[in-house]
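What follows is a set of notes on a single structure, which appears directly below.
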Amino acid sequence: MKPTIGITSNIDSTAHMLQNTYIQAVIASGGIPFVIPTGVESDVEQITTLLDGLIISGGGDVNPLLFNEEPLPQLGNVTPERDSIELELLRHMLKLDKPILGICRGHQLLNVALGGTLYQDIISQNTNPILQHNQNAKREHQSHAVHIEKGTILESIAATDKILVNSFHHQALKDVPSPLIVSGKASDGIVEAIESTNHHFVVGVQWHPEALMQNADQFSMRLFGAYMKACTESMIAVK
Ligand code: MN
C-alpha cells in the first residue's frame with residue numbers, strides 16, 4: 001500500500017490547475033497523488049479520513065483579511081475559494097496529526113492557519129535591503145541560499161547548514177506563532193522554512209522543491225522522501 005497524498009489546486013473562471021511537477025514529485029517519492037478541488041468544504045472530514053498526507057501547493061496571494069489586515073496596493077491576485085478549502089483541510093489534518101507539506105503559498109497559508117501573519121509585499125514592507133525573491137530564471141534554477149537552523153527536521157533532512165533554492169514569491173511570513181518554528185531563512189532574514197514542534201511532520205517551505213526535483217536536486221528528493229516516509233508511518237498507525 002502506498003500513501004494517498006491530497007494536493008490542492010488553483011482555480012480560475014474556467015478550470016482547476018495544478019503544475020505537473022507536484023504530481024510527478026509525489027509519484028517519484030512513492031505516493032499516490034489526488035488533486036483536491038475547491039468547493040468541497042462540507043466534505044473535508046471524509047476527505048481527510050481518506051488521505052495519508054496533504055500538500056498545499058503554490059499559487060497567488062493569501063487574502064490579508066485572514067490575518068486581520070486590509071489590502072495594500074501591492075497585493076496581487078487573491079483566491080478566496082482556495083483560501084477557504086485549504087484552511088479547512090489544514091485544520092482537519094492538523095487535528096488528525098497527518099503529515100502536511102506547505103509549498104510557497106501553502107507555506108504561507110500554513111502559517112496563517114495557525115494564527116501567523118504575512119508581509120503582503122516584501123519589497124514595499126521592508127526597509128532593509130532584500131534579495132530578488134521573484135527570480136526571472138527558469139523554475140529549476142537555484143537562485144538564493146537558505147540557512148538552516150540546527151536541531152530542526154529540515155536540518156535532519158539536509159544534513160548541512162545551507163542549501164540553494166529557487167524563489168517565486170513577493171509575500172513572506174511575518175509573525176510565526178507557536179507551535180511553529182522558523183527552520184530556514186534567506187541571507188536577508190526572509191523566513192524560508194517553518195515546521196511544527198507539536199506534530200509528527202508539518203513543514204512549510206517558501207521555495208518549490210517539486211520543481212527542483214526535475215533536475216534531480218538531492219535535497220529536494222530527500223525532502224519529498226522524508227515527507228513520504230512520514231505519510232507511510234501515519235498510514236500504518238491509523239489502519
Ligand atoms: Mn525566496
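Quick note: residue numbers are just sequence positions, from 1. Atoms within a ligand are numbered from 1 in the order they appear, just like the ligands themselves.
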The atom name of the N, O or S atom in H133 nearest to the Mn ion (ligand 1) is ND1

Distance flag, aromatic centroids of H144 and H133, threshold under 6.0 Å = yes

For the Mn ion (ligand 1), the closest N/O/S atom belonging to E192 = OE2

Determine whether the side chains of E233 and H200 contain a donor N or O and an acceptor N or O closer than 3.5 Å.
-> yes

With no hydrogens and no angle check, do the side chains of Q125 and D121 hold a donor and an acceptor under 3.5 Å apart?
-> no

Are any N, O or S atoms from S167 nearer to the Mn ion (ligand 1) than 2.8 Å?
-> yes

State, yes or no, whether a side-chain contact exists between I163 and I148 at a heavy-atom distance under 4.5 Å.
-> yes

